[in-house]
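Structure record follows, encoded as structure tokens.
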Amino acid sequence: MAMASEACALFLSHVPRNCSVVPPIGVSRRFVAASCKMRNRKLRFLSFSVLKRRRQGSRAPPCQLQLRADKDPLFSETDNYVDDSKTTNGTVSAGEDEINEALKDEETSEANSSPLQDLMKMIRNAERNILLLNEARVKALEEVDKVLSEKEALQSEIKNLEAKLAETDSNLKIANQSKADIKLLESQQQQFESQISSLGGTGSTITSIDSSRFSELNALRVENSVLKLKVEILKEKEKRVEILEREKSELEASIKGLQARAEQTEESENKLNEKLQQKVKTLEEQLRDSDMEINALMNLYEESVKEFQTTLDKLKEETEKSDRDSKEVTWEFWSSLSLLVDGWLLEKKISVADAENLRELVFNRDLNLRDTYLSCKGLSESEIIARFLKLTLPRDSSGLHVVHIAAEMAPIAKVGGLGDVVSGLSKALQQKGHLVEIILPKYDCMDHGRIRDLKVLDETVESYFEGKLFRNKIWVGTVEGLPVYFIEPLHPAKYFSRGKFYGDGDDFRRYMYFSRAALELLLESKKRPDIIHCHDWQTAFIAPLYWDIFSNRGLNSARICFTCHNFEHQGAAPAHDLAPSGLDVEHLDRPDRLQDDSSHGRINVVKGAIVYSNIVTTVSPTYAQEVRSPQGGRGLHNALKTHSRKFFGVLNGIDTDTWNPSTDNFIEAQYCYDDLQGKLINKDYIRKHLGLSTSDLSQPLVGCITRLVPQKGVHLIRHALYKTLELGGQFILLGSSPVPHIQHEFESIAETFKSHADIRLILKYDDVFSHLIYAASDMFIIPSIFEPCGLTQMIAMRYGSIPIARKTGGLNDSVFDLDDNSVPLESRNGFTFFNADEQSLSGAIERAFNYYKQKPEVWQELTRRAMNMDFSWESSASQYEELYQKSVARARSFAQS
Ligand SMILES: Nc1ncnc2c1ncn2[C@@H]1O[C@H](COP(=O)(O)OP(=O)(O)O)[C@@H](O)[C@H]1O
């Protein structure tokens with residue numbers, strides 16, 4: 001209990017007033033709240049719901065202190081508040097009661113949180129040690145200061161004395177000189193005196209001394225008295241010399257004493273210094289030790305924080321997954337039931353009528369059916385069927401039954417945008433309440449790991465080809481919650497077991513076979529779809545096959561929708577190549593049917609789909625206009641003009657679940673438009689990962705992900721690479737080419753730059769890596785010569801990578817230039833250029849670089865705007881829904897009349 005209280009005090013001492021907090025690990029919110037009251041502190045807790053909401057957009061560890069400004073609107077909305085108005089009048093004992101109550105909670109949780117409390121205790125001890133060590137260090141330094149100032153005083157005293165000594169020495173010298181003078185004068189005096197006395201001894205004859213001798217004598221006397229005076233003075237001086245000598249010896253003695261003292265002081269100072277150094281050393285060692293201890297503790301703490309974070313992340317992920325699963329389970333569940341019913345029918349375990357009734361229940365997601373199924377656990381198949389059949393009642397449904405027949409589906413069999421569209425549109429339609437199914441070839445090279453509950457049905461389905469019947473294995477499974485049928489032809493050519501999706505010389509035959517087998521499956525399983533939606537030339541055979549053969553055999557409930565994703569590929573072949581499908585070549589090889597408009601004697605299956613379908617779409621409004629010209633339509637412009645009333649351009653969307661930077665598990669750090677920190681982490685990560693220079697995080701990174709085919713403007717892509725280098729940016733290309741000379745050209749560029757600090761070319765298809773490039777790049781190059789829709793610009797924008805795109809096709813419908821004043825500002829999301837030449841591309845790249853480098857705030861705004869653009873399937877799926885419904889309604893009213 002005491003430990004928790006200390007931990008809380010320590011925690012509170014670190015938290016500024018008026019801040020919002022998450023309590024430290026092992027300390028309950030209630031306890032912190034009570035402690036706040038005790039300390040008259042005003043604290044706010046960051047509620048877990050808010051924490052969770054914030055965590056969705058950031059990677060800040062939720063167990064660290066979360067300090068937020070009070071003005072944060074999220075706080076006022078949901079946070080718990082410790083109201084200090086209640087505590088100001090409250091007594092301490094009232095606060096203690098609350099603490100005791102909180103401590104009871106604490107005690108109960110102590111067993112769970114003791115390692116954390118130990119950790120807190122260890123950190124506290126370490127902090128106390130540091131404090132003590134610092135105090136000792138300060139004291140020691142003060143002592144050293146004192147001794148040093150004493151030493152300075154002594155040294156100045158010694159200096160004074162030495163000056164005095166020098167003065168005395170010079171005085172002594174003068175005195176000694178005076179002494180010598182005295183002695184000389186004394187000897188002169190004696191000399192004079194003896195002269196005088198010798199003169200005085202002859203008195204009787206004095207009178208005889210002439211006046212000149214007297215005056216000489218007088219002069220001598222005067223001189224004598226002067227000398228006496230001088231002697232006196234000198235004697236006086238001698239006395240002074242003696243005094244001085246005494247003084248000198250005294251001074252010398254005191255100097256010696258001082259010197260001895262100084263030596264002593266120096267010695268003791270040295271000793272003290274040594275001691276101090278020793279002490280400092282010990283202190284430093286102790287400090288180092290405690291630093292190490294603290295570091296170890298911090299590491300431990302960080303590790304436990306990380307562990308906690310991981311657990312939390314896992315929990316979050318699991319919660320999200322279970323949320324997703326529960327959503328998916330719904331789809332998964334109904335898809336599985338649908339497959340179960342179809343399996344029973346194909347295995348002839350139920351009648352066609354029963355299958356239709358059951359399908360109706362599945363279609364309407366009948367709760368009775370669900371509950372019956374859930375209660376059937378452990379029952380035999382025949383018992384389950386019996387229970388199901390009890391539920392069969394005819395029902396009405398407003399939803400549509402849509403079957404997509406395609407060559408690709410993301411993520412299991414994707415080569416380009418077609419795969420994305422099939423799954424994205426199907427998911428969106430499913431979510432709108434329609435029954436959506438997909439039929440795909442069973443490729444040996446598809447990503448089987450992403451198919452749930454894949455199983456083969458007991459029965460095979462036969463299909464006609466080249467005058468014979470071939471059996472087909474039918475596999476069923478769910479992909480992203482969608483029911484999918486996979487056709488595996490038991491044909492000796494092993495059509496879909498080639499280790500690749502496309503590129504064998506017999507692609508025309510393979511997909512013709514598949515189109516017919518798909519319709520055989522629908523016929524055999526007695527399905528009655530409202531819409532059969534086929535895509536691109538690979539399944540364009542469906543339209544003539546349906547109306548010329550299958551509608552006469554009973555598969556006649558559907559309207560055919562054909563979407564051309566790219567008019568460059570039209571499935572043109574010599575007319576007789578169509579014969580194996582069972583279609584009447586002669587009947588179809590006519591200008592108003594399948595005959596190719598550019599070369600007679602050849603048929604064109606895309607033209608056939610335009611003629612035979614009820615709805616024809618392409619993937620963007622601009623492309624729908626472009627293909628009405630001879631060049632854009634690659635010779636199909638007339639057919640499109642003839643059938644223009646059923647021809648529409650619907651802009652594709654992207655699967656916003658798959659392409660979502662805030663949930664994407666393939667990227668290094670997740671992020672969202674209002675917190676772009678993660679984007680920088682991804683940038684740094686990819687540069688390290690690819691061995692590019694990481695010295696300047698603000699160096700712009702340009703990405704490009706594409707099939708390297710002429711349509712994509714390969715020469716402009718190459719130019720963009722060199723231009724980026726010239727402008728001081730970095731460039732990453734992910735792409736591969738089915739065209740050998742283009743592949744070779746890019747291989748040699750890749751080789752040239754293989755160790756370059758700013759350029760990297762990855763010449764392969766890599767879905768996972770593509771996510772990282774979208775997330776890491778600042779700009780994205782799409783210089784297509786033509787682009788039916790293009791998905792990469794939409795994905796790039798969703799990840800905050802600004803597109804630099806040529807104004808063509810779908811790019812023209814989705815990228816709007818930042819400098820284009822004719823477009824509302826809120827729609828401007830990139831940089832565009834019109835002419836497909838290097839100069840125009842350079843201009844766009846230069847403008848992008850200028851904004852990036854010189855107007856970072858405009859760039860930030862642009863990034864956020866691009867990330868907020870709605871490229872979801874929602875509106876596109878609604879357009880398809882409307883087209884389907886209108887077509888179905890027309891057919892019904894026609895049938896009734
Ligand atoms: N080398 C590659 N590795 C991974 N994904 C790629 C590669 N090349 C293209 N893609 C993906 O294929 C799709 C391309 O779609 P789109 O822009 O419509 O072009 P297209 O369908 O003409 O190839 C995008 O999802 C893009 O990320």
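When a ligand or atom number is given, it counts from 1 through the structure's own listing order. Keep in mind that the numbers below use all heavy atoms, side chains included, and drop hydrogens, waters and symmetry copies.
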Ligand 1 atoms in contact with Gly735 (distance to a heavy atom under 4.0 Å):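 Matching atoms, with element in brackets: 1 (N).
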What atoms in ligand 1 come closer than 4.0 Å to a heavy atom of Arg707? 8 (N), 20 (P), 22 (O), 23 (O)
Run down the list Ile773, Asp766, Ile705, Thr706 and name the one with the heavy atom closest to atom 10 (N) of ligand 1.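 It is Ile705 whose heavy atom sits nearest to atom 10 (N) of ligand 1.
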[X] N/O under 3.5 Å from ligand 1 N/O:
X	value
Ser736	no
Lys712	yes
Ser770	no
Gly417	yes
Gly416	no

Residue part near ligand 1, for [X], under 4.0 Å between non-hydrogen atoms:
X	result
Ile795	side chain
Phe786	neither
Lys764	backbone
Asn566	neither

His637 ring center near Phe567 ring center (under 6.0 Å):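 No; Phe567 has its ring centre 6.0 Å or more from that of His637.
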Less than 6.0 angstrom from the centroid, inside 45 degrees of the normal: does Arg634 satisfy that with respect to the ring of Phe786? yes
Residue, atom name and distance, where the atom is the protein heavy atom closest to atom 16 (P) of ligand 1: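 It is Leu791 N, 3.5 Å.
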Do the non-hydrogen side-chain atoms of Thr622 and Thr808 ever get within less than 4.5 Å of each other? no
Provide the closest heavy-atom pair for Arg498 versus Asp504 in the form atom of the first, atom of the second, distance. NH1-OD2, 2.7 Å
I need the single residue from Tyr852, Tyr851, Phe831 that forms a side-chain contact (heavy atoms from CB on, under 4.5 Å) with Leu862. Which is it?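 By the side-chain contact (heavy atoms from CB on, under 4.5 Å) criterion, Leu862 pairs with just one of Tyr852, Tyr851, Phe831: Phe831.
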